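Working notes, structure below.
Keep in mind that the numbers below use all heavy atoms, side chains included, and drop hydrogens, waters and symmetry copies. Values in this document were obtained by computation on a predicted structure and should not be read as measured data. So that the names make sense, note that chain A is the first sequence line, chain B the second, and so on, each numbered from 1.
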Amino acid sequence: MAIHLYNTLSRKKEKFIPLEGNTVKMYVCGPTVYNYIHIGNARPAIVFDMIRQYLTYSGYDVQYMSNFTDVDDKIIRAAKELGEEVPALAEKFISAYHEDTAALGVKKADLHPRVMDTMPEIITFIELLIEKGYAYESQGDVYFHTRSFENYGQLSTQSIEDLQAGARIETGDKKRDPLDFALWKAAKPDEISWESPWGDGRPGWHIECSAMVKKYLGDTIDIHAGGQDLSFPHHENELAQSEALNETKMANYWMHNGYIQIDNEKMSKSLGNFILVHDLIKHHKPEVIRFFILQSHYRSPLNFSESLLESAKSGLDRIQTTVRNLKHRMKESADLGEAKPWIALAAEKKQAFLNEMDDDFNTANAVSVLFDLTKAANQYLQESHSSKLALETFISTIVELGDILSVPMEPEERLLDEDIEQLIEERTAARKSKDFARADEIRDQLKDMGIILEDTPQGIRWKRE
RNA sequence: GGCGGCAUAGCCAAGUGGUAAGGCAGGGGUCUGCAAAACCCCUAUUCCCCGGUUCAAAUCCGGGUGUCGCCUCCA
């Protein structure tokens, strides 16, 4: 089954066909770096990383790029408040972004361009737009004239008149038309700025992505992605600029993730109802957060709460416990019994998992297949005899499918201290002599130390809390 | 006002024409010295409401209702 994905541009699921053979050019709008990221920001980082990694798993050579907006009003304001320089502040939060996303299992992009490093290309881009008659200078600012771009509104399925009707009226406008947007903003006094043909200033928000895509990936890319709230105006504007200049499609597929909500309200920095990843990972395993996010479809809105995260943790624990139990059985087991039906079952579940992923990256269903596989493995563990090959197949399949989602299914192996080993031996002896009071005492003692014991027909099994 | 998403069990969440996946929570049972883990069984005759199309609709069409969002910085 070939990969199909939902294209915002056509509002349909489409078969995924890259422009050039096996190469996939993918661009994801990255963060404005003036704060730590919240889990709403983490969602696109996680889901598009998952998509990128799945495309790679499927044999594509993915060129993955994600930008950092390191110059804009908010950063300038934050820097002023903190008494820091803009570049230093941006640098700090770029590092924080990498740390937080890495914890969440997100791989670094192949390219992480920044606005400050793309200034010549941005300026050239704007100059060419002016030359072609799509943009105009006005008192040191430069604006894109939306009405000059015929297809404006195609991504957000709105006509320019409808947009016009909803546009807010701005005071002291230098624009010819309320829908025009800034490509270049003249510098205010004491503000970080760059030289340009229109005087000192800095780029508007949308132009960076267009310039970066053109510079590093070319005029047309395969996938352009970001949060749903970016589709208008950000992506609409990017598309207009790029297609006006390049006279070709900017991207074949546009993908947008649904947002994370708190109490059914969008989580955002402006509303102040956000939870920073930086804080959340102090109390929760990052893989639980990733698992939680991937348990729903990337396009659906997703409510966040501590109790939902706890539910996700219970589910993930269940899978990880099964892997641990399979491994425990491996130590004892001889090659007894028929392995073939179980190997076939694992292969069948793996295929089902891949089919779900092929269908617009339906991780919610893919995860449910993982649970089916877990259940089958547990049923197998109920049997008194087991084959090493079957056990191995269960373990490797669960781990492999987890790896596709970048969610670790193998619990970390840390050996027990000697004194703990001794306590376990003492308990075993106590149980043998039917001194259950002492055995329970030791079990409680170990529980306080974070070690949970489980008695099985194949011997003692332990895990850390 | 314009545009878009969503509405499925106590909670979360899949499912675009063939008779309701999966997870969490809960109840009962099995196993166990007791536990733990796990397994088995039970928990939506029904998918926001009202019409329509069809042999057949959670799924398609029409009309409502609720809710979130975009149209202003936002993932």
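For B:C40, one of the phosphate oxygens OP1 or OP2 lies less than 4.0 angstrom from a side-chain nitrogen or oxygen of A:Gln379.
In this structure, A:Tyr259 atom OH and B:G4 atom P are separated by 14 Å, rounded to whole Å. Across the protein-nucleic acid pair, A:Arg438 atom CZ and B:A35 atom C1' stand 17 Å apart, rounded to whole Å. Between A:Leu381 atom CG and B:C40 atom C1' there is a gap of 16 Å when expressed in whole angstrom units. Going from atom NE2 of A:His297 over to atom C1' of B:U16 covers 14 Å, rounded to whole Å.
Stacking between A:Phe371 and B:G22 is absent: the ring centroid is not both under 5.5 Å from the six-membered base ring centre and under 30° in plane angle.
Nucleotide B:G26 has B:C42 as its partner under the Watson-Crick or G-U criteria, with both atom distances under 3.5 Å. Nucleotide B:A14 is matched to nothing when pairs are restricted to Watson-Crick or G-U wobble geometry with both distances under 3.5 angstrom. When both pairing distances are held under 3.5 Å, B:U67 makes a Watson-Crick or G-U pair with B:G5.
Using a cutoff of 4.0 Å between basic side-chain nitrogens and carboxylate oxygens, A:Asp177 and A:Arg147 are scored as salt-bridged. For the pair A:Asp49 and A:Arg290, the salt-bridge criterion is met [side-chain N within less than 4.0 Å of a carboxylate O].
Nearest nucleotide to the side chain of A:Asp440, out of B:A75, B:G33, B:G22: B:G33. Of the candidate nucleotides B:G33, B:G2, B:A13, B:A13 has the atom lying nearest to any side-chain atom of A:Leu302. Ranking B:C24, B:A37, B:G23 by closeness to the A:Ser311 side chain, first place goes to B:C24. Considering only side-chain atoms of A:Leu230, the nucleotide from B:A75, B:G2, B:C24 that sits closest is B:A75.
The line from OG1 of A:Thr322 to CD1 of A:Ile395 is 10.5 Å long, rounded to the nearest 0.5 Å.
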Query - A:Asp358 and A:Tyr54: CA distance, side-chain angles, deciding distance, side-chain hydrogen bond (donor to acceptor under 3.5 Å, both in side chains) verdict - result: CA-CA 9 Å; A:Asp358 282 349; A:Tyr54 186 66; 2.7 Å; yes
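As judged by a 4.0 angstrom heavy-atom cut-off over every strand, A:Arg299 is placed among residues making no nucleic acid contact.
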